[in-house]
Amino acid sequence: MDSKVKKRQLQQYIGFGILGACALFVVIILFIILYDIAVKGISTISWSFLSEPPRAGMTEGGILPAIIGTFFVTIITAVFSVPIGVGAAIYLSEYAQEGWLTRWIRASIRNLAGVPSIVYGLFGVALFVNTMSLGASILSAGLTLGLLTLPWIITTAEEAFQTVPKAYREGSLALGATPWQTIRRNVLPYAFPGILTGAILGISRAAGETAPILFTGVAFFLPQLPGSLTDQFMALPYHLYIMSTQHHAIEAVRPLAYGTALVLIILVFLLNLTAIILRYRLRKKYVR
Amino acid sequence: MTSTAKVETKNLNLYYGPNHVLHDVSVQILPNKVTALIGPSGCGKSTLLRCFNRLNDLIVNTKIDGEVLLDGKNIYGNGMDVVDIRRRVGLIFQKPNPFPKSIYDNVTFGLKINGIREKKRIAETVEKSLNDTGLWEEVKDRLNTSALELSGGQQQRLCIARALAIEPEVILMDEPTSALDPAATFKIEELVSQLKKKYTIIIVTHNMQQAGRVSDYTGFLYLGKLIEFGKTNDIFTRPKEKLTENYISGRFG
Amino acid sequence: MKLRHLTDTFFRYLFLVAGVSAIGILFSIFIMLAINGLQTFADVSIAQFILSAQWNPSAFGEPSYGILALVASTFMVTVGAMIIAVPLGIGTAAYISEIAPSYIRETLKPVVEILAGIPSVVVGFFGIVFLGPLIADMFNLTSGLNALNGSILLAVMALPTIVSVSEDALRSVPKEFKEASYALGVNRWLTLIKITLPAASSGIVAAVMLGVGRAIGETMTVLMATGNALQMPGSFFDSVRTMTANIAIELGEVPFGTTHYYGLFAVGLVLFLMSLAVNITSEHFTKKYRWTRK
């Protein structure tokens, strides 16, 4: 009896140890990735790296056009996906009744979230670049990324709507407000922090995507910044891709690639951090 | 029978999906009276109350047949404007639900959504509604602070003021004091007695003393059926039905 | 008065359209892939497409469009990734939800979120500069860009999904189950193994399926880390080219409207259907565990 208990205890000890090791291992993976890129990338980053275009066949200079290209394509993504996404979320959260249509919409959103990003790229090529004749452009790429981000925006926005108490809606309706008045005055303002957080997180993911923009508008190297929506553009993730695989002097430009990777990671983290801080601040402001 | 009833239901049945919640309820609510609906929890009294301003419409799979008449017109009839009905029939919720806005914005919410913009009229209405609920003196210096900073009783009176601001004809109250302490409850009850001069009031309560104190008429519901309806005094002293008597004397509930 | 009813109706339909657009987009993707992809079969037999391991569209004289090697490569790196990510992910999820004290839990969750937030191109870059050389060194290979490298990176990419969805499933196991087990004198480890994990199993399967979906559909990491050789993979030390990588490599250089162009859409169509199948399977299991939740 006693030895059985002891054996069980030992078993638990080992079991918990293994599970703890799993978790520790995940932490180590993250640490190694971040450490390797941070340590090797930090020496490349300087003001001129951030503020200058690439020079000398992209073996020198900075990444300014890539930063700006990513910035603009991300804005197009947001302008396209946030209104539609929030609209769809309002429909699902405030209007939809259980039925075949709602089930189909929800199933579609879940499946869209699982469609590979390269397939969005193919779709963007077929629809925006060719069928709609937008060409390979910052607009085509932004729209493609917008489609990719849409399911995420819908899901997070709907969650934000669900956190608004039912009493705010009923109270407003009981005063003779129409559903739309209720949503605009008594639901949207309180869901706003959550929607914003979700939108920024979704957009930070879009900013790091490469596959969807590969053929819809991103360019290897451009001497000047995009001047219109139909121009091609450079983007940070794609720049990292070519600097690490397609460049004629890969080993020589490795420091530049490390620097680009670090900037990309920092950008994504800053966006995430912004989302978290906004959520915290706006929550304090709106929901006391 | 020609009715002088303000609100009336005729053979009202309500189903939530497969559940038959209200059975053939027919009741007449007289104007400028307080009518209490009592009964054990789950008897359908709150559901019945929400039929009077069609707030049950929000619940999925709700099916209603029979009629609910407001001034003789079926509010479930074709061409009736739900939004207008809800403006005419105010509802005070069980748990005070001020919006997380300023006191002022809470009171003016109904005005604004009804398209009233004149500053002077709005200011007058705010003062009047808050006065009518006895809140004015308590909050007049802090109209721009959040309504959530008020005490529970004040919040509930604010919700009543919010409803009064759009000048309803009928005020529905769904256990309005169940979340309040005795002092706050007393104030609300006093308020109810005053408000009936101008409004028709229907109050759902699980508290029989309260029903006895504030109401002129009482309806007793049990398992979705209106068992008995009459003058409050009669119901409490000479109930006709055995069930009513059992409930009133506290043998179940 | 009437105006706000019109406004209300207008917005109601506007939001309905936004909601329905999700269905529209999914179907448009499918139709666009099908319209373009199926034109491949004007030139190529379906049997060749599915059964041949030769993908050589630019071959002189007789181009060939067989996706077997691509599918096998995708399959291989995905399986490899799951061999690593499934035990690691479930173990981590179990640790977070059942064992970790709250301060560790609150540290681990952001770790998983940050891992999920690293762009795939950065993970691919890590595969080139760090993992590749490491693998080459360890196994005495000339290049570390192979299926093993891709599998490890895909495991990293799939881990956050597997961890967070499994954790959700584990936490949704009713407390009563565990308490009943403790009351019988069973210790925490055996309760976890015999009660909690089995009770959460359908949710965990859903998590794994979502992880598989991520691995199948991931492009940049495999494109950068697996070497992209067009061949039937023999071992994890072989260079492989997945379906996603193949599209990424070739779409840029094919002329619009050629069989090769359509062929890439056909590969995309297969990929789309695979991800759909994986998703639907996952959903099936999710539904099961949501049922047990109450």
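Letters go in sequence order (proteins before strands), and every chain restarts at 1. Reckoned from all heavy atoms, side chains included, excluding hydrogens, waters and symmetry mates.
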Legend entry - chain A contact via B/Arg162 - side chain, backbone, both or neither, heavy atoms under 4.5 Å: both

Legend entry - Contact class of B/Pro98 relative to chain A, heavy atoms under 4.5 angstrom: backbone

Inset, instruction - Take B/Arg86 and A/Glu170 through the salt bridge (Lys or Arg N to Asp or Glu O under 4.0 Å) test and state the conclusion after the steps. - result: CA-CA 11 Å; B/Arg86 293 195 188 130; A/Glu170 290 194 332; over 6 Å; no

Legend entry - Whether over 12 other heavy atoms sit under 6.0 Å from A/Phe71 CZ: no

Legend entry - chain B interface, residue from A/Gln97, A/Arg169, A/Glu98 that has the most non-hydrogen pairs under 4.5 Å: A/Gln97

Legend entry - Part of A/Ser172 within contact of chain B (heavy atom distance under 4.5 Å): both

Inset, instruction - Would you mind reporting whether B/Lys112 and A/Gln181 have side-chain heavy atoms less than 4.5 Å apart? - result: no

Inset, instruction - Heavy-atom distances under 4.5 Å only: say whether B/Val82 touches chain A with side chain, backbone, both or neither. - result: neither

Legend entry - Interatomic distance, A/Asn186 atom CG to B/Phe99 atom CZ [nearest 0.5 angstrom]: 4.5 Å

Inset, instruction - Evaluate whether atom CH2 of A/Trp104 has more than 12 neighbouring non-hydrogen atoms of other residues, nucleotides or ligands under 6.0 angstrom away. - result: no

Legend entry - Best-contacting candidate, A/Pro179, A/Gly171, A/Pro165, against chain B by heavy atom pairs under 4.5 angstrom: A/Gly171

Inset, instruction - Measure across A/Ala174 and B/Leu55 and return the closest heavy-atom pair with its distance rounded to 0.1 Å. - result: N-CD1, 4.4 Å

Legend entry - Exceeds 12 heavy-atom contacts within 6.0 angstrom, atom CZ of A/Phe72: no

Legend entry - Distance, nearest 0.5 Å, that separates CG of B/Leu91 from CG of A/Leu175: 9.0 Å

Inset, instruction - Measure the shortest side-chain to side-chain distance between B/Asn97 and A/Tyr168 over non-hydrogen atoms and say whether it is less than 4.5 angstrom. - result: no

Legend entry - Other residues, nucleotides, ligands: >12 heavy atoms within 6.0 Å of B/Lys196 NZ: yes

